[in-house]
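All remarks here apply to the structure that follows.
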Amino acid sequence: MNVEFYIARGGNTGNKEACRLIARMARLREPAAQAQYLATLKQRHRLKRNFMKLLG
């Protein structure tokens, strides 16, 4: 499963799982690449308020 799957699933559970997976991925990526990925996610899903709160 990937981050987009959990985001599309929605709800608190889906959002929390997406954030958990994003945090795990951060350990595998360079900081600049992770920052770019987060910026892309925030742009693409900016209307999902609860997800944005969890991303921080």
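Computed from a predicted structure; not experimentally measured.
- Between the side chain of R29 and the backbone N or O of A26 there is no donor-acceptor pair closer than 3.5 Å.
- Evaluation of the side chain to side chain donor-acceptor pair (under 3.5 Å) test over residues 47-56, restricted to residues two or more places apart or in two chains, returns none.
- Closest of all the heavy-atom pairs between R9 and T13 is NH2-CG2, 4.2 Å.
- Residue I7 shares its hydrophobic cluster (ILVMFWY side chains chained together at separations under 4.5 Å) with M1, V3, F5, Y6, L21, I22, M25, Y37, L38, L41, F51, M52, L55.
- Every residue meeting the side chain to side chain contact (heavy atoms under 4.5 Å, CB included) condition with R24, not counting sequence neighbours, appears here in chain and number order: R20, R27.
- In terms of the side chain to side chain donor-acceptor pair (under 3.5 Å) criterion, residue partners of E4 (sequence neighbours excluded) are, by chain and number, R44, H45.
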